[in-house]
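One structure, pasted below without further comment.
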Amino acid sequence: MKKIVALFLAVLMLTTAFAAMAEETRTLVMATNASFPPYEFYNDNGEIVGIDAEIAGAIAAYLGYGFQIDDMDFGAIINAVDSGKADFGLAGMTVTEERLEQVDFSDSYATGVQVVIVKEDSTITTVDDIFADGIIVGVQESTTGDIYITDDFDAAGLPADNVQRYPNGNEAVLALSTGKIDCVVIDNEPAKAYVAANPGLKILETEYVIEDYAACFKKGNEELLEQFNAALKALTEDGTIPAIIEKYIPSDVEDAAE
Ligand code: GLN
């Protein structure tokens, strides 16, 4: 009998120890598409860095969790979160009604603007020009740029084939540079980074759509969502998050460009 009690106690102690270890080392997994500078991209050391990567790292540290980033196609992020493969998605992701049916969103931490990238000598000079017959628009698959352009082309009676979808912004911009498409619709900050890195391109001054970025969570995962929002608020108020944003999007450069 004593032996059984001892065995039982040993098992109980081990279980408790393992539970405590699991608790201590809980790692938050962030799903993203690391081809979206300055929000998430690979630096020269092969690490994923950027505004989202650093904000999430700061939030995980604030909450006492470990932190890991999983890079995937943008269109796979919501599924990864929904299936529990990732704890949240942070990817310059716009809050939309449709996405709200699949996931919950945190408070917003940034604003995005859909803009149009063209070649410097393009005949496209305003957003309206992309609805001219025969214009081929490149988008990142499953992003709001894809959704809006697809809808607007459909409404305008333009052929569906005139919207070309790419797995990320890099490939869309490459297709533009090599003359396969006439323009790329993408968020403004990555657009600036791509134009800076690829000579011969420019961003149209007219903006297409303005939107809010937030982190997405599995529906009903309120505990983590609330912790995330509380950390987001605290780290915004103490200046941590503004400093991260300033590091990647310096306001003096912004002002000079305007
Ligand atoms: N903001 C856009 C969206 O949510 C694009 C995001 C991205 O490509 N990472 O669809």
Side-chain angles (χ1 to χ4, degrees), residues 29-43 48-57 69-82 86 88-117 127 130 137-153 163-176 181 183-198 201 203-204 207-219 244-245 248-249:
V29 179
M30 160 178 152
T32 200
N33 172 242
S35 183
F36 199 70
Y39 289 93
E40 40 270 331
F41 57 99
Y42 284 90
N43 68 10
I48 299 173
V49 295
I51 295 173
D52 289 344
E54 284 202 31
I55 288 180
I69 303 180
D70 276 4
D71 184 16
M72 60 191 73
D73 285 346
F74 184 80
I77 296 171
I78 286 191
N79 241 335
V81 167
D82 190 41
F88 62 95
L90 196 60
M93 187 182 281
T94 305
V95 180
T96 70
E97 289 302 321
E98 269 175 26
R99 289 175 183 160
L100 277 166
E101 285 171 16
Q102 297 170 277
V103 285
D104 291 336
F105 279 100
S106 71
D107 294 334
S108 178
Y109 64 96
T111 304
V113 184
Q114 295 296 314
V115 296
V116 184
I117 309 178
V127 169
I130 67 181
V137 183
V139 292
Q140 307 178 89
E141 183 149 37
S142 306
T143 62
T144 47
D146 179 7
I147 297 160
Y148 304 146
I149 287 291
T150 303
D151 282 356
D152 287 353
F153 267 43
V163 183
Q164 292 290 314
R165 298 182 178 81
Y166 297 89
N168 56 59
N170 242 335
E171 292 184 38
V173 169
L174 187 67
L176 175 62
I181 57 176
C183 63
V184 171
V185 172
I186 192 167
D187 305 53
N188 57 333
E189 289 302 333
K192 284 185 207 161
Y194 283 128
V195 166
N198 295 275
L201 303 180
I203 301 171
L204 294 188
E207 296 164 341
Y208 182 41
V209 182
I210 299 177
E211 40 193 30
D212 285 327
Y213 291 168
C216 68
F217 291 81
K218 185 182 170 73
K219 261 198 173 303
I244 293 171
I245 296 174
Y248 288 97
I249 310 176

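Counting starts at 1 for both ligands and their atoms, following the listed order. Keep in mind that the numbers below use all heavy atoms, side chains included, and drop hydrogens, waters and symmetry copies. Quantities reported herein were computed from a predicted structural model and do not represent experimental measurements.
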>> Please tell me whether D146 and S142 have a donor and an acceptor in their side chains that are separated by less than 3.5 angstrom.
In response: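 No pair is found: no donor N or O on one side chain lies under 3.5 Å from an acceptor on the other.
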
>> Tell me whether Y39 reaches ligand 1 (any heavy atom closer than 4.0 angstrom to a ligand atom).
In response: no

> Less than 4.5 Å apart, any side-chain heavy atom of F74 and any of S35?
Replying inline: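 No, their side chains stay 4.5 Å or more apart.
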
> Just which atoms of ligand 1 are under 4.0 Å from any heavy atom in R99?
Replying inline: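 Within the 4.0 Å cut-off of R99, ligand 1 contributes 3 (C), 4 (O), 10 (O).
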
> At a non-hydrogen distance cut-off of under 4.0 Å, which region of D187 contacts ligand 1 (side chain, backbone, both, or neither)?
Replying inline: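 The side chain, only.
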
>> Any heavy-atom pair between the side chains of T96 and E211 that's under 4.5 Å?
In response: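 Side-chain contact under 4.5 Å: no.
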
>> Need the ligand 1 atom indices (1-based, order shown) with element for anything under 4.0 Å from a heavy-atom of Y213.
In response: 1 (N)

>> For atom 8 (O) of ligand 1, what is the closest protein heavy atom, and at what distance to 0.1 Å?
In response: Q140 NE2, 2.9 Å

>> For Y213 together with Y39, are the ring centres under 6.0 Å from each other?
In response: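 That pair passes the under 6.0 Å test.
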
> Tell me: protein heavy atom nearest atom 10 (O) of ligand 1, and distance?
Replying inline: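 Here the nearest protein heavy atom works out to T144 N, 2.7 Å.
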
> Identify the closest protein heavy atom to atom 7 (C) of ligand 1: which residue and atom is it, and at what distance?
Replying inline: F36 CE1, 3.3 Å

> Taking the minimum heavy-atom distance to atom 9 (N) of ligand 1, which of G75, G92, A91, G145 ranks first?
Replying inline: A91

> Any idea which atoms of ligand 1 are less than 4.0 Å away from a heavy-atom of E211?
Replying inline: 1 (N)

> Who are the side chain to side chain donor-acceptor pair (under 3.5 Å) partners of Q164, not counting sequence neighbours?
Replying inline: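 Applying side chain to side chain donor-acceptor pair (under 3.5 Å) to Q164 gives none.
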
>> List ligand 1 atoms under 4.0 Å from T143, heavy atoms only on the residue side.
In response: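 In order of numbering, the contacting atoms are 5 (C), 8 (O), 10 (O).
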
> Can a non-hydrogen atom of E40 be found less than 4.0 Å from any atom of ligand 1?
Replying inline: no

> Of the options Q114, R99, E98, which is the one that meets T144 in a side-chain hydrogen bond (donor to acceptor under 3.5 Å, both in side chains)?
Replying inline: Q114

